[in-house]
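We use all heavy atoms of the structure for the numbers below, so side chains are in, but hydrogens, waters and symmetry mates are not.
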Amino acid sequence: MQEDQVKEAYNLALEALKSYGNEKIMAEYVKEQLDKKYEPEWQCVIGKDFSVAFSHEIENFVFFQIEDMYFLFYKL
């Protein structure tokens with residue numbers, strides 16, 4: 001992702017972390033926001049422990065950690 005998009009994704013993750021206690025709801029919220037701002041189809045995976053294999057569009061991928069939670073956002 002471009003730097004401004006990474007900052008936006010990180011801020012959305014922080015907001016979701018503070019507002020929701022459920023990882024599925026957090027992922028749905030972030031996906032909805034990314035789809036609105038950067039067009040669909042964003043995929044959002046949030047959790048403390050997960051394995052994943054996927055394909056993504058070039059420059060439409062970010063992975064980071066906040067506290068003990070991992071955030072993976074990518075676009076198909």
Side-chain angles (χ1 to χ4, degrees):
M1 295 175 85
Q2 296 176 5
E3 188 175 336
D4 61 322
Q5 292 175 314
V6 171
K7 288 179 184 177
E8 177 72 19
Y10 188 86
N11 289 333
L12 286 170
L14 277 176
E15 186 177 330
L17 201 54
K18 292 177 183 176
S19 300
Y20 306 104
N22 180 289
E23 295 165 7
K24 182 178 185 297
I25 294 171
M26 291 183 343
E28 289 171 348
Y29 170 75
V30 172
K31 177 184 174 23
E32 179 181 306
Q33 299 305 311
L34 290 175
D35 281 351
K36 281 182 188 177
K37 188 154 189 171
Y38 301 112
E39 299 180 10
E41 279 294 319
W42 284 93
Q43 309 304 309
C44 300
V45 181
I46 300 174
K48 294 180 180 180
D49 183 30
F50 59 85
S51 297
V52 63
F54 62 94
S55 298
H56 63 87
E57 289 184 359
I58 295 173
E59 296 185 7
N60 287 300
F61 164 85
V62 66
F63 179 74
F64 55 88
Q65 179 181 0
I66 301 175
E67 298 173 6
D68 64 342
M69 194 74 67
Y70 293 93
F71 297 83
L72 169 63
F73 308 145
Y74 62 97
K75 190 172 182 182
L76 296 175

I want to check something: taking the side chain as every heavy atom from C-beta on, are Met69 and Met26 in contact at a cut-off of under 4.5 Å? yes
Parallel, tilted or perpendicular: rings of Phe50 and Tyr70 (30°, 60°): perpendicular
Check for a donor-acceptor pair, side chain of Lys31 on one end and backbone N or O of Gln43 on the other, with a separation under 3.5 Å. no
Look at the side chain of Glu8 and the backbone N and O of Tyr10, then say whether any donor-acceptor pair between them is shorter than 3.5 Å. no
What is the ring orientation for Phe71 with Phe73, classed by angle as parallel under 30°, tilted 30 to 60°, or perpendicular over 60°? perpendicular
Can you measure from CG (Asp68) to CG (Leu17) and round to the nearest 0.5 angstrom? 8.5 Å
Are the side chains of Glu39 and Lys75 in touch, meaning some heavy atoms are under 4.5 Å apart? yes
Hey, quick one: are Ile46 and Leu76 part of the same hydrophobic cluster, counting side-chain heavy atoms closer than 4.5 Å, chains of contacts allowed? no
Do Tyr20 and Glu28 have side-chain heavy atoms sitting under 4.5 Å apart? no
For a 4.5 angstrom cut-off between non-hydrogen side-chain atoms, does Leu72 reach Phe54? yes
So CH2 of Trp42 and CG of Asn60: to nearest 0.5 Å the spacing works out to 4.5 Å
A side-chain contact here means heavy atoms from C-beta on lying under 4.5 Å apart; do Glu23 and Lys48 qualify? yes
Would you say Tyr29 and Leu12 make side-chain contact, with heavy atoms under 4.5 Å? yes
